[in-house]
Amino acid sequence: MASITPTLQNLTPGAKISLYRIDTRKVGGGEYFFCQASQSDQAVKFGGVVYSPVDIEVEGFEVTAGGSLPTPTLRIANSDLTVQALVNTFGDLLGCEVQRVRTFHHHLDGQMAADPTAYLGPDTFEIERKTDENYAYIEWELSAAIDQDDALLPKRTVIRDTCLFRYRNFNPNTGRFDYSKCLCPYAGGAMFDRNDNPTSDPTKDECSRRVGGCKLRFGANNPLPFGGFTGASRVR
């Protein structure tokens with residue numbers, strides 16, 4: 001957003017354009033990219049992505065001072081066969097992500113001032129429910145990504161003294177460590193068992209999940225990527 005600041009401060013910033021991404025992979029589809037046909041009657045490219053013009057109308061994306069999360073309305077003209085085909089194939093698209101970014105025409109690819117980092121947003125929402133479908137348009141009610149039934153914030157449970165990051169796993173078949181599912185960034189040669197004792201056996205290399213185990217691997221005086229919440233107070 002920093003690179004768009006000079007444009008926003010300009011008295012004549014130029015024509016603004018809104019770009020939308022609808023991610024239907026959750027229901028078996030793909031990612032689809034649109035721009036508002038009222039702002040551009042031809043496909044545009046931004047950051048290497050092509051956005052096709054469709055008749056889109058949105059309301060309520062703005063966050064109010066009242067503190068409540070917005071529940072925008074998204075309408076797409078029923079004349080767009082791509083969107084109609086998505087609804088016909090995958091139903092109401094519930095839970096699919098809708099993302100909007102806003103930029104200016106002169107920042108689009110191919111322009112003199114092209115800049116894929118110059119944009120406002122992204123505004124990210126999920127499809128909560130389909131509220132209307134008629135011969136003219138299809139309408140959905142959106143909700144903020146964190147405003148979902150049974151959603152927790154933060155997503156991770158706050159545990160003070162235990163690291164919750166997955167540690168590397170040694171694969172005896174390949175003779176190598178497997179990092180494909182781990183969140184801990186440690187990839188050093190020093191190994192320690194679950195009690196923080198040094199070991200030369202890679203099959204016994206296991207994190208104790210304590211801060212002490214983190215210090216042994218990354219250094220006591222270095223930043224530690226500890227996956228716990230050491231700043232959390234104990235429950236009294």
Review point. Going by atom types alone, do Thr203 and Asp201 pair a side-chain donor with an acceptor below 3.5 Å?
Key: yes
Study note, to complete from the structure: In this structure, OG of Ser18 is separated from CD of Gln36 (nearest 0.5 Å) by 4.5 Å
Review point. If we only count heavy atoms from C-beta on, is the Phe125 to Ser143 side-chain gap below 4.5 Å?
Key: no
Review point. Passes side chain to side chain contact (heavy atoms under 4.5 Å, CB included), Leu93 versus Val27? Steps please.
Key: CA-CA 7 Å; Leu93 309 182; Val27 295; 4.2 Å; yes
Exercise for review: Please list, chain by chain and in numerical order, all residues satisfying side chain to side chain donor-acceptor pair (under 3.5 Å) with Thr131, sequence neighbours excluded.
Suggested key: Glu139
Exercise for review: List for me each residue that meets ring-ring contact (aromatic ring centres under 6.0 Å, His included) alongside Phe192, sequence neighbours excluded, and say none if there are none.
Suggested key: none
Check your understanding: Can you list the residues that meet the ring-ring contact (aromatic ring centres under 6.0 Å, His included) rule with Tyr167, with sequence neighbours excluded?
Key -> none
Point to revise | Closest heavy-atom pair and its distance - Arg166, Cys182 | key: O-CB, 3.2 Å
Review point. To the nearest 0.5 Å, how far apart are CD in Glu141 and CZ in Arg129?
Key: 4.5 Å
Review point. Is any side-chain heavy atom of Val83 closer than 4.5 Å to a side-chain heavy atom of Val54?
Key: no
Practice item. Please list, chain by chain and in numerical order, all residues satisfying side chain to side chain donor-acceptor pair (under 3.5 Å) with Arg176, sequence neighbours excluded. Key: none
Review point. Under 4.5 Å between side-chain heavy atoms, hopping through other hydrophobics if needed: is there a path connecting Phe226 to Phe218?
Key: yes
Revision key, fill the gap. Minimal heavy-atom distance between Ile56 and Val58, with the atoms involved, is CG2-CG1, 4.0 Å
**Study point:** For Asp115, salt bridge (charged side-chain N to carboxylate O under 4.0 Å, His left out) partners two or more places apart
**Key:** none
Review point. What pairs with Lys130 under side chain to side chain contact (heavy atoms under 4.5 Å, CB included), at least two apart in sequence or on another chain?
Key: Val87, Asp92, Glu133, Ile138, Trp140
Check your understanding: Less than 4.5 Å apart, any side-chain heavy atom of Tyr186 and any of Arg168?
Key -> yes
Review point. Taking the side chain from Asp41 and the backbone from Ala37, do they hold a donor-acceptor pair closer than 3.5 Å?
Key: no
Check your understanding: Is there any salt bridge (charged side-chain N to carboxylate O under 4.0 Å, His left out) pair reaching into residues 215-229, and which pairs are they, with sequence neighbours excluded?
Key -> Asp205-Arg217
Check your understanding: If we only count heavy atoms from C-beta on, is the Asp23 to Cys96 side-chain gap below 4.5 Å?
Key -> no
Practice item. Report yes if the side chains of Ile17 and Cys35 come closer than 4.5 Å at any heavy-atom pair, otherwise no. Key: yes
Point to revise | Distance, nearest 0.5 Å, that separates CD1 of Ile76 from OH of Tyr20 | key: 9.5 Å
Practice item. Output, in order, the C-alpha distance, side-chain angles, deciding distance and verdict of side chain to side chain donor-acceptor pair (under 3.5 Å) for Gln99 and Thr124. Key: CA-CA 4 Å; Gln99 191 175 80; Thr124 303; 3.1 Å; yes
Revision key, fill the gap. Smallest heavy-atom separation, Gly95 atom then Lys26 atom, equals O-NZ, 3.1 Å
Study note, to complete from the structure: Residues Ser200 and Pro202: closest non-hydrogen pair is O-CD, 3.3 Å
**Study point:** His107 (side chain) donor-acceptor with Ala113 (main chain) under 3.5 angstrom
**Key:** yes
Donor-acceptor contacts, no H, no angles, side chain residues 206-213, under 3.5 Å, sequence neighbours left out:
residue : atom : partner : partner atom : Å
Glu206  : OE1  : Arg194  : NH2          : 3.4
Ser208  : OG   : Asp196  : OD1          : 2.8
Ser208  : OG   : Asp196  : OD2          : 3.1
Ser208  : OG   : Arg210  : N            : 3.4
Arg209  : NH1  : Cys163  : O            : 3.1
Arg209  : NH1  : Phe165  : O            : 2.8
Arg210  : NH2  : Asp196  : OD2          : 3.3

Check your understanding: Is there a side chain to side chain contact (heavy atoms under 4.5 Å, CB included) between Glu57 and Leu74 once you walk through the steps?
Key -> CA-CA 6 Å; Glu57 183 180 29; Leu74 170 69; over 6 Å; no
Practice item. Please list, chain by chain and in numerical order, all residues satisfying ring-ring contact (aromatic ring centres under 6.0 Å, His included) with His105, sequence neighbours excluded. Key: none
**Study point:** Carboxylate-amine/guanidinium contact Arg75 Glu59, below 4.0 Å
**Key:** yes
Check your understanding: Between Phe104 and His106, what is the ring plane arrangement, given parallel below 30°, perpendicular above 60°, and tilted in between?
Key -> parallel
Check your understanding: Hey, what do you get for CG (Leu142) to OG1 (Thr73), rounding to the nearest 0.5 Å?
Key -> 7.0 Å
Point to revise | Flag for Asn134-Asp132: side-chain donor and acceptor within less than 3.5 Å | key: yes
Revision key, fill the gap. Contacts of Phe33 meeting ring-ring contact (aromatic ring centres under 6.0 Å, His included) (sequence neighbours excluded), chain-then-number -> Tyr51
Practice item. Indicate the atoms forming the closest heavy-atom contact of Asp109 with Ala114, along with that distance. Key: CA-CB, 4.1 Å
Study note, to complete from the structure: Here the gap from Phe229 atom CZ to Leu164 atom CG, rounded to the nearest 0.5 Å, amounts to 7.0 Å
Review point. Glu31: what forms a salt bridge (charged side-chain N to carboxylate O under 4.0 Å, His left out) with it, not counting sequence neighbours?
Key: Arg21, Arg25
Check your understanding: Can you name the nearest heavy-atom pair linking Thr103 to Leu19, along with the distance?
Key -> CG2-CD1, 4.2 Å
Study note, to complete from the structure: Joining Ile, Leu, Val, Met, Phe, Trp and Tyr whenever any side-chain heavy atoms lie under 4.5 Å apart, the cluster holding Phe177 also takes in Phe170, Tyr179, Met191
Practice item. Taking Asn195 for its side chain and Asn197 for its backbone only, find out whether a donor-acceptor pair lies under 3.5 Å. Key: no
Check your understanding: Under 4.5 Å between side-chain heavy atoms, hopping through other hydrophobics if needed: is there a path connecting Val50 to Phe34?
Key -> no
Point to revise | From CA spacing to verdict: salt bridge (charged side-chain N to carboxylate O under 4.0 Å, His left out), Asp193, Lys204 | key: CA-CA 5 Å; Asp193 64 18; Lys204 295 182 179 180; over 6 Å; no
